[in-house]
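Taking it in order: structure first as structure tokens, then the write-up.
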Amino acid sequence: MKHWLLKSEPGTFSVDDLAASPRQTTRWDGVRNYQARNFIRDEMKKGDLAFFYHSSCPEPGIVGIVEITREAYPDETAFDSRDEHFDPKSERSNPRWYVVDVRLKRKLDKPLALVKLKQYAGDRLSDLRLLKRGNRLSVIPVASKNWRFILSLER
DNA sequence: GCCAACGTTGGC
DNA sequence: GCCAACGTTGGC
């Protein structure tokens, strides 16, 4: 099983929005970056776990844990000319963009702020891609040892 | 294939 | 609002 980190702007879709969704499940749509797309389409498996991360907000950080409940299928928003994520180059016969379904496992009792994670950028989390300079990926793989270490920071 | 211009991300 | 770091686009 793999581990991931999924970024979302809480002003657009927060962990509380996910908690309020039917079956606490949502379609992770709108990803428009090829590297992130490849992770979604090729590597994410049902049962994988991901950190839910709030970005572009007053206190960026990990706020919840989600489970992948459905593997990749075409992103419908790319076909909809009225949708902000519309991409005329994505065709139904040859979809360019993909989504997975994720379900909230739990919110963290206390968010793990980016500033706190950064304390370990030089040692325990030195290879965490989230902390790398210039990182902009919205779907990031997390090594299992980093996953476990981050969870240990909760207490 | 190169590269300048442009757009986006995201922390601060 | 600023700006660094990318990724994408399009002319050549």
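Convention: sequence-line order gives letters A, B, ...; per-chain numbering from 1.
For A/Arg37 and A/Phe39, the positive end is not near the middle of the six-membered ring at less than 6.0 Å and at most 45° from its axis.
Taking atom CD of residue A/Glu84 and atom C1' of nucleotide B/dT9, one finds them 15 Å apart after rounding to whole Å. Nucleotide C/dA5 holds its P atom 16 Å from the CG atom of A/Leu131, rounded to whole Å. Taking atom CG on A/Asn135 and atom P on B/dT8, their separation rounds to 19 Å, with Å as the unit. Taking atom CD1 on A/Ile140 and atom C1' on B/dG10, their separation rounds to 11 Å, with Å as the unit. Per the geometry, CZ belonging to A/Arg129 stands 17 Å off P belonging to B/dT9, to the nearest Å. In this structure, OH of A/Tyr34 is placed 15 Å from C1' of B/dG7, rounded to the nearest angstrom. In this structure, CG of A/Asn33 is placed 10 Å from P of B/dT9, rounded to the nearest angstrom. As rounded to whole Å, 12 Å separates atom P of B/dG11 from atom CD1 of A/Ile62.
Checked against the 6.0 Å centroid criterion, the rings of A/Phe149 and A/Tyr120 qualify as a close aromatic pair. Residues A/Trp97 and A/Phe86 place their aromatic rings such that the two centres sit no closer than 6.0 Å.
Listed pair A/Arg133 / C/dA4 fails the phosphate criterion, with no side-chain N or O lying under 4.0 Å from OP1 or OP2. Distances shorter than 4.0 Å separate some side-chain N or O of A/Lys7 from OP1 or OP2 on B/dG10.
Between A/Trp147 and A/Phe51, the ring planes are parallel. Angles under 30° get that label, and only those over 60° would be called perpendicular.
Among the nucleotides B/dG11, C/dG7, B/dC12, the one closest to the side chain of A/Tyr53 is B/dG11. Nearest nucleotide to the side chain of A/Ser55, out of B/dG10, B/dC12, C/dT8: B/dG10. Closest contact between the side chain of A/Leu114 and the listed nucleotides B/dC12, C/dA5, C/dG7 involves B/dC12.
The residue A/Lys132 sits apart from the nucleic acid: no heavy atom pair falls under 4.0 Å.
A pairwise comparison of heavy atoms in A/Ile68 and A/Met44 identifies CD1-SD, 3.9 Å as the closest pair.
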